[in-house]
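Notes to accompany the following structure.
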Amino acid sequence: MAKLWGGRFELDSSALLEEFNASIFFDKQLWREDIQGSKAHAKMLHKIGILSEKELQDIVNGLDCIAQRIERGEFVFSASDEDIHMAIESALTALIGDVGKKLHTARSRNDQVAVDFRLYVLRYNKEITKLLLELMESILAIAKTHTHTIMPGMTHLQHAQPINFGFALVAWACNFKRDVERLFSDYTRNNKCPLGSGALAGTPYNNDRIFLAKELGFDEPTLNAMDSVSDRDFALDMLYSLSMVMMHISRVAEELVLWSSSEFKFISLSDEYATGSSIMPQKKNPDVPELLRGKSGRVYGALMGLLCVMKGLPFAYNKDTQEDKEGVFDAIKNVVLCLRICKECLKTMSIHTENMYKMAKIGHLSATDLADFLVRECNVAFRDAHHITGQVVAYAESKGVDISDLSEEEIMSVDSRIRQGVKSVLCLESSMNARNSLGGTAIMQTSAQIETLTSFVREQMVHLTGDKDE
Ligand code: ARG
């Protein structure tokens with residue numbers, strides 16, 4: 001089939017070249033943005049006097065008709081069309097005749113692909129932000145009901161100090177808050193329109209790029225045509241932000257895997273979001289959190305892949321850049337899926353609060369409180385307090401109990417400097433609530449943190465939906 005660019009060619013392309021060169025089988029995902037970009041371009045061409053009113057109408061109607069055909073699955077994509085841009089342009093000309101051939105005036109596929117891909121990435125930037133906010137909402141809803149639930153807080157994965165479960169969940173949510181903020185700043189930095197840059201040097205048509213930017217929902221046109229057709233920072237920003245999302249998800253997933261094991265038994269995954277073993281009938285496997293953890297690999301891979309494609313490229317468009325898309329498509333698809341399933345997995349899990357408490361009773365978690373009590377109430381220097389506390393711990397160990405289970409008399413029998421009232425600081429609740437410094441685990445502090453994050457989610461949701469209505 002004759003190529004749209006085939007004027008100077010005598011021989012047909014080889015089938016092998018077509019297979020190698022074509023991006024149509026993956027960039028067809030950009031069809032919405034390609035049509036959106038073409039409509040804006042046609043309107044601009046009309047505005048600067050290149051298309052008549054009737055020609056504009058024919059082109060817009062033709063593009064709408066093609067959109068419907070693609071939507072209904074009736075559009076045939078073929079390798080000979082090379083990419084989505086040429087597929088739609090050929091279909092348009094086939095549909096409306098020679099007027100279709102005017103659409104590519106004052107445009108190159110270089111600025112066309114740059115704008116399509118940017119629109120696509122920005123669309124999913126918002127969609128993923130929304131999913132992150134919904135995930136935060138679910139985490140905060142659980143956190144709210146568990147500010148009294150004591151669990152062992154750990155460092156080095158060893159029991160350290162008592163915390164409440166809500167506090168641990170807030171720590172998760174803080175990660176996703178930063179992801180939302182990162183995506184927002186990516187959006188703001190990249191919301192500029194490259195269309196109208198032509199192949200690399202601008203066009204001789206006086207394209208109204210401010211009109212184009214407005215029409216497509218960008219803040220403004222990009223500054224320099226050569227940069228505009230070669231810049232893929234917006235895609236790299238997205239891949240970095242998605243890698244961070246996946247790194248955060250993998251850490252949450254790791255806790256779910258640990259916590260659902262018989263060793264921890266802090267949670268059980270719902271049957272809906274767990275799997276069985278084909279050989280061991282008794283098993284319930286955390287495949288969902290494991291996949292959530294494992295899928296970070298392919299997203300980091302996409303980031304590394306695109307960084308390598310872009311490295312050392314001369315400025316302006318190079319065909320290497322066609323390799324920018326598949327990794328981004330794959331990363332977006334998987335992050336969307338991960339965020340949705342992570343939310344459901346959390347919403348449906350059961351939480352074994354008694355077991356969390358039982359485990360918090362192992363490891364003398366309130367030992368630091370005893371040392372602090374000795375310093376504060378008994379006028380003992382911290383180094384001595386540390387030593388005396390060690391002796392109390394040894395005493396409790398000899399009895400086979402946690403220090404919080406010793407009686408006041410028993411504790412005081414260890415050293416004459418220990419004063420009355422010591423028992424009350426050793427209970428896990430008071431130990432937890434003693435950490436009432438800003439950002440601490442005390443119920444009061446945890447509730448304030450939940451409040452802050454809840455307002456953040458509410459404000460961002462309004463911002464996001466408000467933008468959509470514009
Ligand atoms: N399919 C190409 C890509 O994805 C579109 C731009 C091609 N431009 C060109 N001059 N060959 O990058």
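Both ligands and their constituent atoms are indexed starting at 1 by order of listing.
- Taking a cut-off of under 4.0 Å to the non-hydrogen atoms of Ser23, the atoms of ligand 1 that pass are 1 (N).
- For ligand 1, none of its N or O atoms has an N or O atom of Thr321 under 3.5 Å away.
- No donor-acceptor pair under 3.5 Å is formed between the side chain of Ser296 and the backbone N or O of Leu292.
- Atom 11 (N) of ligand 1 has Arg109 NH2, 3.6 Å as its closest protein atom, hydrogens excluded (heavy atom only).
- Distance from atom 2 (C) of ligand 1 to its nearest protein heavy atom, with residue and atom name: Gln322 OE1, 3.2 Å.
- A cation-pi geometry, defined here as NZ or CZ lying under 6.0 Å from the six-membered ring centre and within 45° of its normal, holds between Lys177 and Phe456.
- Here atom 8 (N) of ligand 1 lies nearest to Asn110 when heavy atoms of Asn318, Asn110, Asp324 are compared.
- For His85, no nitrogen or oxygen atom sits less than 3.5 Å from a nitrogen or oxygen atom of ligand 1, counting backbone and side chain alike.
- A donor-acceptor pair is defined here as one N or O able to donate and one able to accept, closer than 3.5 Å; no such pair exists between the side chain of Arg107 and the backbone of Gln112.
- Using cut-offs of 30° and 60° for the angle between ring planes, the Phe77 and Phe75 rings count as tilted.
- Residues Val180 and Leu133 share a closest heavy-atom pair of CG2-CD2, 3.9 Å.
- A cation-pi contact links Lys325 to Phe117, judged by a cut-off of 6.0 Å to the six-membered ring centre and 45° from its axis.
- Using a 4.0 Å cut-off to heavy atoms of Asp83, the atoms of ligand 1 that qualify are 1 (N), 2 (C), 5 (C).
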Begin with the C-alpha distance, continue with both residues' side-chain angles, and end with the deciding distance and a verdict on side-chain contact (heavy atoms from CB on, under 4.5 Å) for Leu258 and Leu256.
CA-CA 5 Å; Leu258 283 175; Leu256 295 179; over 6 Å; no
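- With hydrogens left out, the protein atom closest to atom 12 (O) of ligand 1 is Tyr317 OH, 2.4 Å, a heavy atom.
- At a 3.5 angstrom cut-off on N or O pairs, Glu82 does not count as close to ligand 1.
- Residue Lys325 approaches ligand 1 through these ligand atoms, each under 4.0 Å from one of its heavy atoms: 3 (C), 4 (O), 12 (O).
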